[in-house]
Amino acid sequence: MKKISGLLFAAVVSLAANGAIAQEYVIKFSHVVAPGTPKGKAADLFAKMVNERMKGRVKVEVFPNSQLYNDNKVMEAMRLSDSKTTGIMAAPSLSKFVKFSRTIQAFDIPYLFNDIDDVHKLVDSPIMDKMTKPLERKGLKAISLWDNGMKVFSIRGDKPLKKVPDDFKGRKFRIQSSEVHAAMIKALGGIPQKLPFKEVYQALSQGVVDGQENAWSNVYSKKFYEVQDYITVSNHSYLGYMVVVSAEFWNNLPDDIRKELTAIMAEATAANRRFAAEADSGDRARIEAAGKAKVVELTPEELAQWRKAVAGVEGQFSKQIGTALLADIHKLLGH
Ligand code: LMR
């Protein structure tokens, strides 16, 4: 008996060594938003497609709502991870990458993009590779870029945010960990306060901050609209995500597996753009129907004032981002 199990063990070891027993790779996809958002849906779809098509070879597990990590922690975990069989994947918002690539701050410049089509022009251009390349030296491999949408401002109090700087004066706004956002809030006349996404609802409901800026799907899914009085359709900048994975894990995957995962990611990305477009109008409509926060539009004159107030922000960051890169982006967008 002992001899048989010894032989069996030897056979298993030899099969594994010859690659006859395939290694199963595991990807833990961590994100901070609700599953029903454009990012949550795309992550779930990516996992579903991989788990069906690559069964026994790759398994993807999704952890939403900051269950596993918040955005700053996940990037540290990714960079420290040296596992070749378990990879951490995440899709933090672009604003959270400044520590790893200063050029990515370009996405935070207010009114750089007129709309989501402008964003796609940049994302689908070769300029994007230049912007993501530096991440690899920091242990992060960028494999896609996902949309959420253009951001709006919300506020608690007896008047909406329309006139700048008067309506921003003395009011605190939660921002992501972005210096560009901080400069933008100051330029509008408000007081910026950095907080992790997980803490935003509580900070708004307890009055630690008065307002915040985000895409419609986050305002809806995290119920910010229930503790805010007004939402201004400012469309002042873009909320999007870089899908990243630990470079050590990714670069060590067998070529065929990496290729298949890349193709599935492209499908998930195409679906993400549809999810984001749906959420943009759908979640706005759901917020309006709830009758809690009132949605207000800016008049063309007010919008011109907002644009004028933040016009200097780009200049404050142009050296860090790269003046040549910004010039290329303006050329590409045609404005
Ligand atoms: C935020 O922190 O407001 C967003 O980045 C959250 C997210 O991932 O959409």
Side-chain angles (χ1 to χ4, degrees), residues 29-44 46 62-75 77-78 88-100 104-105 107-108 110 116 119 140 142 144-155 172-182 184-185 190 192-205 208-225 227-228 231 234-244 268-269 272-273 275-280 283-284 287:
F29 196 133
S30 162
H31 69 81
V32 301
V33 292
T37 55
K39 173 162 62 179
K41 283 184 178 170
D44 287 344
F46 174 71
V62 182
F63 301 86
N65 288 323
S66 315
Q67 259 166 33
L68 194 59
Y69 297 109
N70 74 23
D71 280 331
N72 291 331
K73 296 238 166 70
V74 79
M75 291 204 257
M78 237 178 250
I88 303 170
M89 193 176 276
S93 69
L94 292 155
S95 317
K96 293 171 183 154
F97 282 90
V98 56
K99 272 199 272 179
F100 310 111
I104 292 172
Q105 293 181 108
F107 279 97
D108 288 342
I116 202 84
V119 175
L140 302 174
S144 196
L145 207 131
W146 287 354
D147 281 345
N148 191 325
M150 301 307 282
K151 289 189 283 185
V152 295
F153 265 99
S154 68
I155 190 79
K172 278 196 201 144
F173 293 85
R174 176 270 172 173
I175 54 164
Q176 302 181 48
S177 49
S178 154
E179 287 308 316
V180 180
H181 289 172
M184 173 186 75
I185 297 291
Q193 186 162 334
K194 291 179 187 163
L195 282 177
F197 186 62
K198 206 178 168 181
E199 292 171 26
V200 182
Y201 178 85
Q202 209 178 1
L204 290 172
S205 66
V208 173
V209 290
D210 304 292
Q212 61 88 47
E213 43 127 35
N214 231 306
W216 288 106
S217 76
N218 284 343
V219 179
Y220 179 67
S221 62
K222 290 293 175 192
K223 301 191 178 359
F224 299 163
Y225 69 97
V227 287
Q228 297 278 268
I231 298 173
S234 46
N235 292 331
H236 56 282
S237 68
Y238 168 69
L239 175 61
Y241 310 107
M242 184 107 73
V243 186
V244 281
T269 300
N272 159 265
R273 287 193 179 179
F275 299 149
E278 283 157 17
D280 217 42
D283 288 340
R284 173 183 175 158
I287 290 171

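Both ligands and their constituent atoms are indexed starting at 1 by order of listing. Side chains are part of it too, since the values below use all heavy atoms of this structure and drop only hydrogens, waters and symmetry mates.
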Can you tell which part of [X] has a heavy atom less than 4.0 Å from ligand 1: side chain, backbone, both or neither?
X	answer
L239	side chain
K39	side chain
R174	side chain
N214	side chain

H236: ring-ring contact (aromatic ring centres under 6.0 Å, His included) partners, not counting sequence neighbours: F153
Test side chain to side chain donor-acceptor pair (under 3.5 Å) applied to N218 - qualifying residues, sequence neighbours left out: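 Scan of N218 (side chain to side chain donor-acceptor pair (under 3.5 Å), adjacent residues dropped) gives N214.
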Main chain of [Y], side chain of [X]: is a donor-acceptor contact present, judged purely on distance under 3.5 Å?
X	Y	answer
N65	Q67	no
E213	V152	no
K39	H31	no

Per-atom contacts of ligand 1 with S93, taking only distances under 4.0 Å to non-hydrogen atoms: 5 (O)
Atoms in ligand 1 with a heavy atom of V33 nearer than 4.0 Å: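 Those of ligand 1 that fall under 4.0 Å from V33 are 7 (C), 8 (O), 9 (O).
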Check: S217/N148 side-chain N/O donor and acceptor closer than 3.5 Å: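 Short answer, yes.
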Positive for side chain to side chain donor-acceptor pair (under 3.5 Å) with K194, one of E179, Q176, H181: E179
Minimum-distance protein heavy atom relative to atom 5 (O) of ligand 1: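 Residue, atom and distance for the closest contact: K96 NZ, 2.9 Å.
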Identity and distance of the protein heavy atom lying nearest atom 9 (O) of ligand 1: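 Residue, atom and distance for the closest contact: Y241 OH, 2.5 Å.
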Heavy-atom gap H31 to ligand 1 smaller than 4.0 Å: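 It does not; every heavy atom stays at 4.0 Å or beyond.
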